[in-house]
Amino acid sequence: MDLKHLFQTENPILGVVHLLPLPTSARWGGNLRQVMDRAEQEATALAAGGIDGIIVENFFDAPFTKSQVDPATIAAMTLIMDRLSGLVTVPLGLNVLRNDAKSAMAIAACTGAKFIRVNVLTGVMATDQGLIEGNAHELLKYRRELDAEVAILADVLVKHAHPISTPNLTAAIHDTVERGLADAVILSGWATGHAPKMDDIKDARKNAGDTPLLIGSGATWENIGNLLQIADGAIVASSLKRHGKISQPIDPLRVSQFMESAEQGIKIRQMRQKQFA
């Protein structure tokens, strides 16, 4: 995947819109308009702060299904993605939690979204939803059937999970890139808000080859500069929220602060690349 072509930068920072509970979820509040209004506010705040792309997730639908979500969830996310596409100009993507990649691909193809995040593309992970098996074959076949130009950003040894089939990070990355054909790989810490270890990031960058590597959790304005010395970009959510709390809405000032730190990190990376060119 050409990050610069997709996000207009080789080192994209992707913000996340965590949707309020959707219809049929355990905490559904009965008001889809409220869900849509908050999604619009957060997407606008992210775009105004200079974010390079936005991922929309049904984050507050927990507890999640491990595979296919309810049709009402798909319908609601399709409506929201369509609304956001007319509101912001940055590339949009989505993640249908916990691992309904096929529905994510369908929504993306119908709404013009540019990418999806897939928590388990290859291998088997033990999660709080049970065992989740990757199905890269079905997803890539479906993308071809839809004739959709939608990039697949795939987690490697995803957070909130333990590997069953490939406990080794190096092997997992090779499987995700070479056998799963991911367009980019995502490396996270053990849970939401926790960054991966620097040694793991270096190992991932080495083994991903030409495939872009994104940090999937734990990026803050304090550490993003260091993270971008190795990784190609980052996905950020918690640290952009008001007071840094996951339950709060996006804080535009925190977005701007984060992006300023990221830009400084990118400049240092570019200077080092020129020195060693």
Side-chain angles (χ1 to χ4, degrees), residues 1-18 41-57 59 88-93 95 114-115 117 153 155-156 159 184-206 208 212-277:
M1 181 179 69
D2 185 348
L3 290 179
K4 189 170 185 179
H5 175 73
L6 182 56
F7 297 109
Q8 305 305 308
T9 174
E10 295 177 348
N11 305 109
I13 303 298
L14 310 182
V16 183
V17 171
H18 287 151
Q41 292 167 4
E42 296 205 336
T44 301
L46 288 169
I51 215 79
D52 300 307
I54 296 173
I55 301 178
V56 179
E57 292 185 346
F59 182 83
V88 299
T89 58
V90 298
L92 295 176
N95 184 13
K114 301 301 182 183
F115 62 97
R117 180 177 184 175
L153 282 53
D155 283 271
V156 176
K159 58 191 174 182
V185 293
I186 302 169
L187 184 67
S188 300
W190 65 274
T192 299
H194 294 266
K197 299 176 182 178
M198 291 302 292
D199 286 344
D200 288 342
I201 300 174
K202 293 176 182 178
D203 185 29
R205 176 61 280 159
K206 176 182 176 182
L213 170 67
L214 304 177
I215 300 300
S217 66
T220 66
W221 71 268
E222 295 100 333
N223 68 12
I224 186 60
N226 290 330
L227 294 174
L228 290 177
Q229 301 312 303
I230 306 171
D232 299 298
I235 299 169
V236 57
S238 303
S239 63
L240 302 185
K241 300 294 189 77
R242 191 177 300 162
H243 308 301
K245 296 185 179 297
I246 197 70
S247 61
Q248 294 294 311
I250 297 292
D251 184 338
L253 293 178
R254 293 178 75 97
V255 179
S256 298
Q257 183 183 42
F258 186 97
M259 293 305 296
E260 288 176 5
S261 297
E263 289 172 6
Q264 290 300 317
I266 293 170
K267 288 180 180 179
I268 294 173
R269 175 184 177 129
Q270 292 172 341
M271 289 175 58
R272 290 179 175 175
Q273 289 175 337
K274 289 180 180 179
Q275 291 176 350
F276 293 100

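- Between Ala237 and Val16, the closest heavy-atom pair is CB-CB, 3.8 Å.
- Annotation: the span from Leu92 atom CG to Ile55 atom CD1 amounts to 10.5 Å, rounded to 0.5 Å.
- For Lys241, the side chain to side chain donor-acceptor pair (under 3.5 Å) partners at least two apart in sequence or on another chain are His18.
- For Ile215 against Ala231, the heavy-atom pair with the smallest separation is CG1-CB, 3.6 Å.
- Each side-chain hydrogen bond (donor to acceptor under 3.5 Å, both in side chains) pair with one or both residues in residues 254-270, not counting sequence neighbours, appears once here: Asp232-Arg269.
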Point to revise | Pair Ile54-Leu14, side chain to side chain contact (heavy atoms under 4.5 Å, CB included): steps then yes or no | key: CA-CA 5 Å; Ile54 296 173; Leu14 310 182; over 6 Å; no
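- Taking the side chain as every heavy atom from C-beta outward, Asn11 and Leu3 never approach each other to under 4.5 Å.
- How far OG of Ser188 is from CG of Asp200: 11.5 Å, rounded to the nearest 0.5 Å.
- Here side-chain hydrogen bond (donor to acceptor under 3.5 Å, both in side chains) pairs that include residues 212-221, with residues two or more places apart or in two chains, are Thr220-Glu222, Thr220-Asn223.
- Atom-to-atom distance recorded for Leu228:CG and Ile13:CD1 is 5.0 Å, nearest 0.5 angstrom.
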Exercise for review: Determine, step by step, whether Val156 and Ile186 satisfy the side chain to side chain contact (heavy atoms under 4.5 Å, CB included) criterion, reporting the C-alpha distance in whole Å, the side-chain angles of both residues, the deciding distance to 0.1 Å, and the verdict.
Suggested key: CA-CA 6 Å; Val156 176; Ile186 302 169; over 6 Å; no
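- Closest approach of Ala234 and Ile224 over heavy atoms only: CB-CD1, 3.8 Å.
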Exercise for review: List the steps, then state whether side chain to side chain contact (heavy atoms under 4.5 Å, CB included) holds for Ile51 with Phe258.
Suggested key: CA-CA 9 Å; Ile51 215 79; Phe258 186 97; 5.5 Å; no
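- The salt bridge (Lys or Arg N to Asp or Glu O under 4.0 Å) contacts involving residues 242-252 comprise nothing, where partners must be two or more places apart or lie in separate chains.
- Asp52 is not listed as a side-chain neighbour of Gln8, based on a closest heavy-atom distance of 4.5 Å or more.
- Considering only residues two or more places apart in sequence or on other chains, Asp155 meets the side chain to side chain donor-acceptor pair (under 3.5 Å) condition with Arg117, Asn119.
- Between Met198 and Leu227, the closest side-chain pair of non-hydrogen atoms falls below 4.5 Å.
- Looking only at side-chain heavy atoms (C-beta outward), Val56 and Asn95 stay at 4.5 Å or farther from each other.
- Proximity of a side-chain donor or acceptor of Glu10 to a complementary backbone N or O of Lys4 within less than 3.5 Å is not detected.
- Between Leu46 and Val17 the shortest side-chain heavy-atom distance falls below 4.5 Å.
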Exercise for review: Check the pair Leu213 / Leu187 against side chain to side chain contact (heavy atoms under 4.5 Å, CB included), numbers first and verdict last.
Suggested key: CA-CA 7 Å; Leu213 170 67; Leu187 184 67; 4.1 Å; yes
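- Shown here are the ring-ring contact (aromatic ring centres under 6.0 Å, His included) partners of Phe115, two or more places apart in sequence or in another chain: Phe7.
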